[in-house]
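These numbers were taken from a predicted model, which means no experiment stands behind them. Letters go in sequence order (proteins before strands), and every chain restarts at 1.
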Number of protein chains: 2
Amino acid sequence: MRLSTTSEYAIRSLVYMASCGPELCSVKHLSEKLDIPYKYLGRLMATLGNAGLISSTRGKNGGYTIDKPLSTIRLLDIVQIVDGLDNFDRCLLGFPECNDDDPCPMHDFWKEHNEGITEMITNVSLAEILASKSKKF
Amino acid sequence: MRLSTTSEYAIRSLVYMASCGPELCSVKHLSEKLDIPYKYLGRLMATLGNAGLISSTRGKNGGYTIDKPLSTIRLLDIVQIVDGLDNFDRCLLGFPECNDDDPCPMHDFWKEHNEGITEMITNVSLAEILASKSKKF
DNA sequence: TACATATTCCACCCTGAGGTAGGAATTATG
DNA sequence: CATAATTCCTACCTCAGGGTGGAATATGTA
Ligand code: SF4
Ligand code: SF4
């Protein structure tokens, strides 16, 4: 019951960048600040860049900056780019086709949590996260 | 946001066995009925046997049967045997040490779901699942 | 030019999922 | 009893994918 390491990295990086405002964040800076392997984060940022979430500037004092309004970047979008959505809205026991009328024995115990998480991932954007004013970073 | 394939297999098999009562279930039968790779399930059942959840009978008409009272086999126990518990009660962003007083920016959005799932896994046993009277199997 | 940064390519290790090949125990049956 | 059939069990092997690092390249600034 966790996101992939890569999704964790992506969300942490984007939340941090969002909290920095419009300034450029270099991969080196992010890597040290967030304790994420430099090389791996470099590729991850390139992926996010290709997906259009962030844009890059090369050369000295270069780095990445967030391209789109924070409210338009949902957690779902980030996870989708990085990992795909196969692991969301999934039956807990892996049954292929089922619904409320023909439930598996776990349905009553799993449905509410599954729907809650899916809704959270779908509705929460970087804007909401930033508004929570955590002291972390 | 899913269990591992192996945990899914284990839970499906145990729920099915529980629904069969005290009869012996062979790996071959379980494999065909639940559409789980035969050899893989064989090893998985042996693991569950070594952990004391089920006991085996070899030879013709042999198979496995559940050893303990259904109410003492919680989902948590099954997952623990198969996968360990590293992925439960985990910070969504993978921060190492944090609490309600020094939360990460995701805390307000993640905490309730995490606690809900952890509580469900901890409290629901095979007895409760069987009582739900699903028509599946 | 010298340096900093993104970007790309490749090789590696680990783990989860699954397969192959047998061996050991028990029972059905001639 | 003897043999075959069935079943659990164990030890290896394969394969794909996630995560990681090294090295080289492209692109910009001072
Ligand atoms: S019946 Fe419900 S809980 Fe069970 S596999 Fe289907 S959607 Fe998931
Ligand atoms: S602050 Fe809360 S949500 Fe964030 S990493 Fe810690 S426990 Fe998880």
Proximity to the side chain of [X] - top-ranked nucleotide from [options]:
X	options	value
A:Asn61	C:dT8, D:dT29, D:dG21	D:dT29
B:Tyr9	D:dT29, D:dT10, C:dG18	C:dG18
A:Lys39	D:dG21, D:dA30, C:dT26	D:dG21
A:Lys60	D:dT20, C:dA4, C:dT8	C:dA4

Along DNA chain D (nearest heavy atom to each residue), the more 5'-positioned of A:Ser7 and B:Arg58: B:Arg58
Can you classify the ring geometry of A:Tyr40 versus A:Tyr9 as parallel (below 30°), tilted (30 to 60°) or perpendicular (above 60°)? perpendicular
Within the 4.0 Å heavy-atom criterion, would you say B:Gly63 contacts the bases, only the backbone, or no part of the nucleic acid? sugar-phosphate
Select base, sugar-phosphate, or nothing to describe what A:Gly42 touches, counting heavy atoms under 4.0 Å on all strands. nothing
Measuring centre to centre across the rings, with the benzene-like ring taken for any Trp, is B:Tyr38 within less than 6.0 Å of B:His29? no
For A:Glu8, is there an ion pair with B:Arg90 - N to carboxylate O distance below 4.0 angstrom? yes
Measure the distance from OH on A:Tyr38 to P on D:dA23 and round it to the nearest whole Å. 14 Å
Neighbour count above 12 (heavy atom, 6.0 Å) for B:Asp35 CG: no
OP1 or OP2 of C:dT5 less than 4.0 angstrom from a side-chain nitrogen or oxygen of A:Ser26, does that happen here? no
Do A:Arg43 side-chain and D:dG19 base share a donor-acceptor contact under 3.5 Å? no
